[in-house]
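Notes to accompany the following structure.
As the structure is a prediction and not an experimental result, all values here were calculated from the model.
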Amino acid sequence: MQYDFNNIEKKWQEYWAKNQTFKAKNDSEKEKFYVLDMFPYPSGAGLHVGHPLGYIASDIYARYKRHKGFNVLHPMGYDSFGLPAEQYAIQTGQHPADTTRVNIEGGVDKEGKKIEGYRKQLDRMGFSFDWSREVRTSNPNYYKWTQWIFIQLFNSWYNTDADKAEDIADLITAFEKNGNANIKAVCDEDTPSFTAEDWKAFSEKEKQEVLLNYRLTYLAESEVNWCPALGTVLANDEIVNGVSERGGHPVVRKKMTQWSMRITAYAQRLLDGLQKVDWPQPLKDSQTNWIGRSVGAAVDFNLKDFEDTISVFTTRPDTIFGVSFMTLAPEHELVGKITTPEQKEAVEAYIEATAKRSERERMADVKTISGVFTGAYAEHPFTKEPIPVWIGDYVLAGYGTGAVMAVPCGDQRDYDFAKHFNIDIPNIFEGVDISEEAFADKENTVIANSDFLNGLPYKEATKKVIAELEKLGQGEGKVNYRLRDAVFSRQRYWGEPFPVYYDADGLPHMIEEEHLPITLPEVDKYLPTETGEPPLGNATEWAWDTVAKKVVENSKIDNKTVFALDLNTMPGWAGSSQYFNRYMDPKNEQEIFSQEAINYWQDVDLYIGGSEHATGHLLYSRFWQKFMFDKGLVPKDEFAKKLINQGMITGTSAFVYRWSQNYLEKVIFLSHGFISKVVDARGFVNDYSKPLENLISSLTSKPGGRVISEANWKNFMPLHADVSLVNSSDELDVEGFKNWRPEFKDAIFIGDNGEIIEGDNDKYIVGREVEKMSKSKYNVVNPDAICEEFGADSLRLYEMFLGPLEQSKPWNTAGITGVHSFLKKLWRLYHGGADGAFEVSDEEPNKDSWKTLHKTIKKVEEDIENFSFNTSVSTFMIAVNELSSQKCASRKILEPLIILVSPYAPHIAEELWEKLGHDESISEAPFPKFEEKYLVESSKEYPISFNGKMRFKLELPLDLSKDEIESTVMAHEKTQQQLQGRTPKKVIVVPGKIVNIVG
RNA sequence: GCCUUGGUGGCGGAAUUGGUAGACGCGCUGGAUUCAAAAUCCAGUUCCUUUGGAGUGUGGGUUCGAUUCCCACCCAAGGUACCA
């Protein structure tokens with residue numbers, strides 16, 4: 001009987017769906033295990049083979065855990081709000097909700113394009129997802145809870161004394177009693193101080209404004225990159241050289257009132273929490289760097305002739321007597337004010353030049369030193385000496401205060417700046433030469449020339465100077481974080497609407513929880529309005545009636561009982577910041593999730609996803625989780641115990657090379673190999689129309705006289721060829737290519753030896769290059785096609801077999817035949833009967849078969865625990881090869897073997913399991929138990945090395961002593977042959993391992 | 001610049017604690033089977049000047065022994081904030 005994978009896979013996928021095999025219960029005698037994938041954004045392009053890599057790995061792990069007796073939660077859903085759907089809506093006028101549904105469920109879009117749909121594609125790969133728990137972030141019954149969390153954040157403040165988020169009502173009570181003098185909270189810098197009496201005297205508007213300084217989500221003016229032409233705000237990396245990446249429109253910095261999330265309140269806890277999660281170190285490093293904690297002091301420098309002060313943050317307050325200038329970021333707010341008339345022109349020119357440079361550019365360029373003196377002077381807090389104030393683009397406005405106290409003797413950048421501009425470099429270090437470079441070694445610092453700090457090391461000097469600064473009222477010790485509050489408003493249509501309306505004073509009010517969700521209004525176009533308002537400004541029914549408690553027409557707005565709703569929507573990361581908890585109880589309409597559900601599942605045990613989410617999704621999710629923990633909603637303040645980053649699968653593009661300097665009427669493609677020969681031979685190309693044969697010969701030989709150029713790769717333009725037209729030997733299907741690109745219908749193809757390709761006998765070999773998998777590079781490989789041709793089990797095995805999960809690796813469809821023929825061999829192992837009929841015996845297996853089985857159990861179990869899935873596929877191949885040659889057909893071997901294979905290739909496993917006589921799914925069959933006794937050996941084939949190089953092998957009993965081994969080896973003829981009469985200096989014997997003879 | 005990851009045959013990769021470098025698979029070569037092809041099976045396949053020798057990005061070091069540990073460097077990919 002043949003291995004009929006198409007029918008087998010269909011049969012079991014239907015079986016799993018019908019029997020709800022993978023539906024997880026929220027209570028069980030078994031221990032729980034939660035395996036989570038980062039859910040996909042359902043794009044119209046569908047899945048390619050790179051997408052399921054992580055899903056296959058997590059599925060193997062989830063299935064393995066079921067075999068190990070766990071109650072496994074393995075859900076899947078869609079992160080279905082997002083920009084591509086909105087762009088598509090703008091272009092085609094289709095509602096993003098419709099296109100999104102088609103992308104998930106399949107169907108035909110307005111253009112008549114058939115879309116398979118993510119769900120079908122995923123189902124085809126045999127994943128053990130519990131689809132009854134599916135969530136879609138763009139469904140109102142899901143985003144109801146995203147809005148709900150937003151309201152909870154609005155109604156909370158961060159109490160630094162308690163080090164947790166608390167109810168805003170408690171803060172109001174405290175204000176009524178004592179004002180805000182004794183409140184320790186994370187709040188805006190410019191929060192005024194007031195007494196209880198002040199508070200009581202405030203108007204409602206004033207009170208609300210004060211409270212916004214404390215709320216965990218708050219309205220603030222933030223600067224954004226505004227692109228008037230696109231009517232939208234752009235991210236830093238959407239801007240290239242000061243203009244938008246799309247369309248090249250000018251971008252201006254604009255202040256906008258937007259919602260912000262006070263993530264900075266959690267900076268320290270986000271940092272500390274990294275200690276207790278098992279996440280990849282590079283990912284932890286990037287979060288640590290993103291949070292950017294540094295300890296030092298805030299120092300205020302008074303300005304000469306101005307009331308203002310320049311605030312700086314420094315990690316080296318101990319070096320304050322070494323300050324010889326200050327540098328402000330060119331964007332610093334004081335620059336315009338303090339620049340003297342003489343310097344004005346130079347400063348303005350410099351600012352203009354800086355504005356054209358991106359932050360990345362300013363950061364990466366350490367060689368160019370630039371800056372301009374403002375003409376102004378600050379005053380040293382202790383010596384009262386004047387300090388010149390410069391501007392320089394090595395200081396970034398976005399970090400700290402945007403100003404630096406420059407200590408050239410202790411900081412290399414300040415040193416280089418001072419040298420370049422001939423600024424004084426006072427030495428304040430004892431016994432250190434600073435004539436060549438700055439001295440930045442904190443540990444070996446002894447301060448000198450510094451008044452009251454003389455003779456002190458770094459730590460004591462820092463302590464002392466902070467105390468002195470505090471006395472002067474010009475500074476204090478401070479911990480600074482790079483982390484900024486996160487802007488939470490987007491001027492887009494396809495996102496969660498805010499449950500917020502604005503009163504006549506422009507103050508925000510939350511809609512009561514019981515009226516959620518506030519669903520997205522219909523609009524007739526998805527672009528910003530003509531007045532520059534976000535797309536929701538196009539809605540005619542987008543006002544909140546506080547009496548009727550519903551969304552009503554805009555015309556009813558009276559600012560008494562009917563108010564305007566927020567026109568912004570939430571960002572992409574809103575919906576993904578708590579979905580892992582919602583999966584635990586996804587249909588609950590009363591609560592975000594029940595306490596029973598969250599207390600049972602607790603947290604994610606294994607999370608698999610891409611490293612590109614290191615500082616976005618994964619940081620915001622941790623923030624929301626900590627907030628929910630403070631509110632007593634979740635039992636764990638970190639949502640995922642272990643995290644694995646899967647690498648990218650890159651595509652192997654295929655190229656044909658068009659000769660750009662031929663003057664024949666026909667297009668000529670030369671093979672990669674032939675061009676190499678021509679270039680290596682330094683062949684010449686001439687420009688005369690000749691019969692084709694002459695033309696080819698002129699490529700390789702120098703034609704007398706009329707030479708125009710030496711052959712060069714630049715003469716041959718590479719064009720992508722669709723990878724589906726190339727076989728496993730890199731041979732192009734020439735006819736297929738001509739049909740695919742009709743403009744090349746008459747093209748001539750020249751093979752590796754300069755032959756013109758005609759018919760099937762000659763081969764055009766394409767060039768290969770590894771690139772990101774993308775439609776435009778024609779290197780996308782569709783998993784459906786692979787499933788069709790080789791089956792889902794082959795696809796699953798092959799994706800794992802490609803290499804280590806975490807590394808990026810190129811896809812090459814040709815190699816899949818290896819794992820496919822492995823599955824066929826596996827099938828034959830169970831079908832040794834006449835005409836390939838199913839047949840297993842009840843005979844006792846021989847010793848070798850037991851050994852093969854148990855070493856396989858051991859290795860596969862270790863591999864899965866270490867997420868080394870590629871090596872277990874090899875192990876299966878070795879096992880099947882060995883069992884085949886042992887002619888093993890014993891049930892005692894073949895039954896446990898198929899359980900081992902089952903997490904990787906579940907369809908074939910179910911089929912064989914059924915044939916073995918089981919009427920229940922294999923999915924919960926207990927994982928075979930490894931027994932050491934089958935691997936015990938009595939002898940070992942020792943490698944015999946000479947000076948560390950293995951020269952021959954010798955089979956010896958394992959119970960020989962060291963001396964016995966040595967004498968046996970030394971007496972061996974091959975040893976004498978190697979030594980050629982020499983006497984060895986030394987013989988190293990490691991019993992059970994190796995023998996090494998030195999000399 | 002800085003941080004992170006990586007560099008092993010023609011290709012993907014293996015070598016889990018310092019102990020046989022190249023497992024397993026692809027590709028390639030030869031053979032069997034076949035009218036032929038597909039499929040399947042068997043043998044070979046790191047390189048070289050082959051009774052031997054060299055070899056895991058480069059150059060050093062530690063060691064009886066290094067892909068593995070240490071130092072310096074080169075290259076590639078990803079990230080990034082001159083962090084004061």
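When the P atom of rU80(B) is taken as reference, atom CG of Leu619(A) falls 13 Å away, rounded to whole Å. When the P atom of rG53(B) is taken as reference, atom CZ of Phe946(A) falls 11 Å away, rounded to whole Å. Protein atom CG of Leu483(A) is 15 Å distant from nucleotide atom P of rU80(B), rounded to whole Å. The nearest whole Å value for the distance from the CG atom in Leu805(A) to the P atom in rG6(B) is 14 Å. The interatomic distance linking Met648(A) (CE) with rU5(B) (C1') rounds to 13 Å, in whole Å. Per the geometry, CG belonging to Leu797(A) stands 17 Å off P belonging to rC24(B), to the nearest Å. Nucleotide rA66(B) holds its C1' atom 12 Å from the CD1 atom of Ile994(A), rounded to whole Å. Taking atom NZ of residue Lys809(A) and atom C1' of nucleotide rA76(B), one finds them 18 Å apart after rounding to whole Å.
Summary of the strand contacts: Gly818(A) and Tyr394(A) both lie near RNA chain B, and taking for each the nucleotide with the nearest heavy atom, the more 5' one is attributed to Gly818(A). When each of Asn996(A) and Ser945(A) is assigned the nucleotide of RNA chain B with its nearest heavy atom, Ser945(A) is the one assigned upstream, toward the 5' end.
Remark: the separation of the P atoms in rU58(B) and rC41(B) is 38 Å, to the nearest Å. Look at the P atom in both rG57(B) and rG12(B): the space between them is 14 Å, to the nearest Å. Rounded to a whole angstrom, the distance from the C1' atom of rU29(B) to that of rA76(B) is 33 Å. As rounded to the nearest Å, rG65(B) and rU56(B) have P atoms that lie 16 Å from one another. Taking the C1' atom of each, rA39(B) and rA21(B) are spaced 35 Å apart, rounded to whole Å. A gap of 27 Å separates the P atoms of rG78(B) and rC70(B), to the nearest Å. rA23(B) and rG13(B): their C1' atoms are spaced 10 Å apart (whole Å). As rounded to the nearest Å, rU46(B) and rA66(B) have P atoms that lie 22 Å from one another.
Looking at heavy-atom distances under 4.0 Å, Ser821(A) makes contact with sugar-phosphate atoms alone, never a base. Using a 4.0 Å heavy-atom criterion, one finds that Glu862(A) contacts the bases of the nucleic acid, with or without backbone contacts as well. As judged by a 4.0 angstrom heavy-atom cut-off over every strand, Asp414(A) is placed among residues making no nucleic acid contact. Looking at heavy-atom distances under 4.0 Å, Ser294(A) makes contact with sugar-phosphate atoms alone, never a base. Contacts of Asn645(A) with the nucleic acid, taken as non-hydrogen atoms under 4.0 Å apart, are absent. Counting non-hydrogen atoms under 4.0 angstrom, Asn870(A) reaches the backbone sugars and phosphates but no base. Residue Ser868(A) is out of contact with every strand shown, counting any heavy-atom pair closer than 4.0 Å. Using a 4.0 Å heavy-atom criterion, one finds that Arg484(A) contacts no nucleic acid atom at all. Backbone-only engagement by Lys825(A) is indicated by non-hydrogen atom pairs under 4.0 Å involving sugar-phosphate atoms exclusively.
By the 30° and 60° cut-offs, the orientation of the rings of Tyr3(A) relative to Phe5(A) is tilted. In this pair, Phe417(A) and Trp390(A) present their aromatic rings perpendicular. The plane angle is above 60°, beyond the 30 to 60° band.
Shown here is Lys851(A), whose NZ atom has no more than 12 heavy atoms of other residues, nucleotides or ligands within 6.0 Å. For Lys419(A), the NZ atom is densely surrounded, since the number of other residues' heavy atoms within 6.0 Å is greater than 12.
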Let's test your reading of the pairing rules: Watson-Crick or G-U wobble, both distances under 3.5 Å, then write RNA chain B as a dot-bracket string with ( ), [ ], | and dots.
(((((((..(((......[....)))((((((.......))))))(((...)))..(((((..]....))))))))))))....

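For rU40(B), one of the phosphate oxygens OP1 or OP2 lies less than 4.0 angstrom from a side-chain nitrogen or oxygen of Lys824(A).
Of the possible polar contacts, one joining the Asp485(A) side chain to the Thr264(A) backbone as a donor-acceptor pair under 3.5 Å is found.
Taking the six-membered ring for Trp and the full ring otherwise, His820(A) and Tyr798(A) have centroids separated by 6.0 Å or more.
Shortest non-hydrogen contact noted between Tyr904(A) and Arg796(A) is O-NE, 2.9 Å. Residues Ile428(A) and Cys409(A) approach most closely at CG1-SG, 3.5 Å, considering heavy atoms.
Base orientation for rG7(B): anti, the chi torsion being more than 90° from 0.
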What's the verdict on salt bridge (Lys or Arg N to Asp or Glu O under 4.0 Å) for Lys858(A) and Glu862(A), showing C-alpha distance, side-chain angles and the deciding distance?
CA-CA 6 Å; Lys858(A) 183 169 192 260; Glu862(A) 278 168 8; 3.8 Å; yes

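The side chain of Pro282(A) lies closest to rU5(B), out of rG12(B), rC41(B), rU5(B).
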